[in-house]
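Throughout, protein chains are lettered first and strands after them, A, B, ... in sequence-line order, and every chain is numbered starting at 1.
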Number of protein chains: 2
Amino acid sequence: MSIKRIPQVVIQRLPRYYRYLGDLLSRGITRISSGELSRRMGVTASQIRQDLNHFGGFGQQGYGYNVETLYVEIGKILGQDQEYRVIIIGAGNLGHAVANYTNYKKQGYRVMALFDSNKELVGKVVQDSLIYSIEDLPEYLREHRTDIAVLTIPKDGALDVVETLVEGGIQAIWNFASVDVPLPNSQVVVENVHLSDGLRVLTYRLKELREQKEHLQERGL
Amino acid sequence: MSIKRIPQVVIQRLPRYYRYLGDLLSRGITRISSGELSRRMGVTASQIRQDLNHFGGFGQQGYGYNVETLYVEIGKILGQDQEYRVIIIGAGNLGHAVANYTNYKKQGYRVMALFDSNKELVGKVVQDSLIYSIEDLPEYLREHRTDIAVLTIPKDGALDVVETLVEGGIQAIWNFASVDVPLPNSQVVVENVHLSDGLRVLTYRLKELREQKEHLQERGL
DNA sequence: AAATATATGTGAAAAAAATCACTATGCTCC
DNA sequence: GGAGCATAGTGATTTTTTTCACATATATTT
């Protein structure tokens with residue numbers, strides 16, 4: 001109902017709700033209350049209700065939420081009611097992993113092609129998709145409508161590839177190259193993934209945990 | 001100086017500062033001001049200064065920050081002054097990718113072994129590390145001090161493996177299995193990675209972008 | 001059919017995070 | 001070595017996010 005902008009933090013929480021609801025759905029659970037969902041997810045019920053309310057009332061007082069309805073509605077918000085054509089630039093292990101992962105269980109993403117600069121890989125097939133030479137990318141983009149490009153290449157060539165992609169009309173880039181891709185212009189959206197960031201946060205918390213332990217030991221516990 | 005707890009959001013931003021500083025360092029830039037760094041990173045200078053101040057004054061008025069000092073200091077905060085022994089559970093594409101990625105350029109992480117349930121992979125070598133049978137995991141853990149376990153397996157067996165890991169004394173789990181691992185107890189830290197969450201946020205923003213475009217077209221622009 | 005229990009939606013309050021704006025310090029250049 | 005400039009550190013303010021708490025609506029039970 002509201003014209004008010006949806007806060008970014010809320011958007012970032014939606015995929016997690018979506019996962020949990022999908023899980024409930026596959027287990028045959030048809031109804032869920034914010035309280036029960038909050039217990040399972042480890043967040044507050046209040047936050048769940050407030051988040052969902054940004055998009056309108058999906059629930060019913062005294063009853064809760066219908067799992068399927070809520071799942072579908074959040075899916076729509078996230079754009080999961082459409083199919084996206086995906087290409088993957090970089091057919092190394094990570095490219096393969098993403099190809100597997102993305103095609104998995106028909107989630108609305110279709111990997112159409114992979115590209116690599118290694119001539120030995122060109123012509124091979126991954127998950128029903130062909131690996132092309134990176135040199136064929138401009139031509140491919142001219143001939144095939146493509147929604148999302150995934151970058152699973154080392155950082156060195158990454159920004160050049162981005163230029164090619166943007167010139168070829170790509171509107172969304174999922175970037176795993178270890179370099180931040182700045183927004184080339186307002187006609188493109190970019191999601192920069194830095195796996196190592198998560199690993200470093202983990203290390204921080206491990207350090208913290210160990211320090212805590214030491215403190216306890218010092219006090220003879 | 002402070003005993004005050006560091007906000008989680010600040011911790012999550014540190015790895016990004018760390019990356020940018022590492023990049024500056026490798027390009028021979030020895031000094032940087034919060035203003036200049038803010039321009040490069042696309043955040044406010046104020047936020048940078050405030051974030052860093054949680055850990056004490058690393059800068060100097062009228063000069064800025066010494067890139068190397070700041071890099072090293074943030075590294076220490078993140079626990080990058082130590083080496084971590086890593087094992088990878090799941091030697092598929094993602095496991096391989098993480099093995100490559102984690103060992104890269106001697107970043108303080110050493111991949112010691114991989115484990116897989118596929119007998120055909122057992123005995124092979126990835127990045128100087130041997131692939132073991134998953135059945136050997138308990139024994140391995142008894143004999144080798146290990147800091148971090150990475151889970152790159154499908155979600156089905158994931159929680160069982162976590163149990164084995166925790167019983168074996170693992171304190172940190174970096175989980176790529178498509179299921180949230182709840183904190184088994186307060187002696188373990190877990191970082192759940194859901195690649196698809198980022199993809200869905202990207203899709204949301206792509207949808208938004210396209211809707212915006214449509215609106216503009218309707219108004220004849 | 002009434003009574004009771006449940007659980008949403010939401011305005012208000014509280015807490016957290018980000019930004020502002022200024023002070024004081026040390027650098028740089030003349 | 002002094003003047004002016006640049007910039008960190010930081011208290012105050014603003015904005016954003018989260019949580020609280022309750023009125024209302026629906027379901028369920030007796």
If you measure from the Lys or Arg side-chain nitrogens to the Asp or Glu carboxylate oxygens, is any gap between B:Asp23 and B:Arg19 under 4.0 Å? no

d(CD1, B:Ile11; P, C:dA17) in whole Å: 11 Å

For the residue pair A:Gln80 / A:Tyr109, report whether a side-chain donor-acceptor contact shorter than 3.5 Å exists. yes

Does the side chain of A:Tyr65 get closer than 4.0 angstrom to OP1 or OP2 of C:dG9 through an N or O atom? yes

Could you check whether any side-chain heavy atom of B:Pro15 comes within less than 4.5 Å of a side-chain heavy atom of A:Leu199, counting everything from C-beta outward? no

B:Ile6 has an atom CD1; how far is it from atom C1' of C:dA17, in whole Å? 14 Å

Take atom CG of A:Asn53 and atom P of C:dT8, then tell me their distance rounded to the nearest Å. 10 Å

Hey, what bend do you get for the helix from C:dA1-D:dT30 to C:dC30-D:dG1 if you fit axes on five pairs at each end, rounded to 10°? 30°

So the contacted stretch of DNA chain D, first to last nucleotide with an atom under 4.0 Å from a non-hydrogen atom of chain B, runs from D:dA6 to D:dT10

So, taking the atom named NE2 in B:His96 and the one named NE2 in A:His96, what distance separates them when rounded to the nearest 0.5 Å? 11.0 Å

Could you tell me which residues satisfy side chain to side chain donor-acceptor pair (under 3.5 Å) with B:Arg110, sequence neighbours excluded, listed by chain and number? B:Glu83

How long is the straight-line distance from CD1 of B:Ile11 back to CD of A:Glu208, given to the nearest 0.5 Å? 6.5 Å

I need the residues from residues 39-49 of chain B with at least one non-hydrogen atom less than 4.0 Å from DNA chain C; give them sorted by number, or say none. B:Thr44, B:Ser46, B:Gln47, B:Arg49

Just by distance, with hydrogens left out, do B:Tyr20 and A:Asp180 show a side-chain donor and acceptor under 3.5 Å apart? yes

Test of understanding: with ring pair (Phe, Tyr, Trp, His ring centres under 6.0 Å), list the residues that count as partners of B:Tyr71, not counting sequence neighbours. B:Tyr18

Which comes earlier along DNA chain D counting from the 5' end, the contact point of A:Gln8 or that of B:Ser34, where each point is its nearest nucleotide? B:Ser34

If the threshold is 4.0 Å, N to carboxylate O, is there a salt bridge linking A:Arg16 and A:Asp51? no

Between B:Glu214 and B:Arg210, does any NZ, NE, NH1 or NH2 come within less than 4.0 Å of an OD or OE carboxylate oxygen? no

Distances under 3.5 Å between protein N/O atoms and the N/O atoms of nucleotides 27-30 of chain C, please, pair by pair.
from   : atom 1 : to      : atom 2 : distance (Å)
C:dT28 : OP1    : B:Arg31 : NH1    : 2.7

Could you grab the distance from atom CD1 of B:Ile48 to atom CG of B:Asn53, nearest 0.5 Å is fine? 12.5 Å

Any side-chain heavy atom of A:Val162 within less than 4.5 Å of one from A:Asn175? no

Could you verify whether a donor N or O on one side chain and an acceptor N or O on the other, from B:Gln60 and B:Arg31, lie under 3.5 Å apart? no

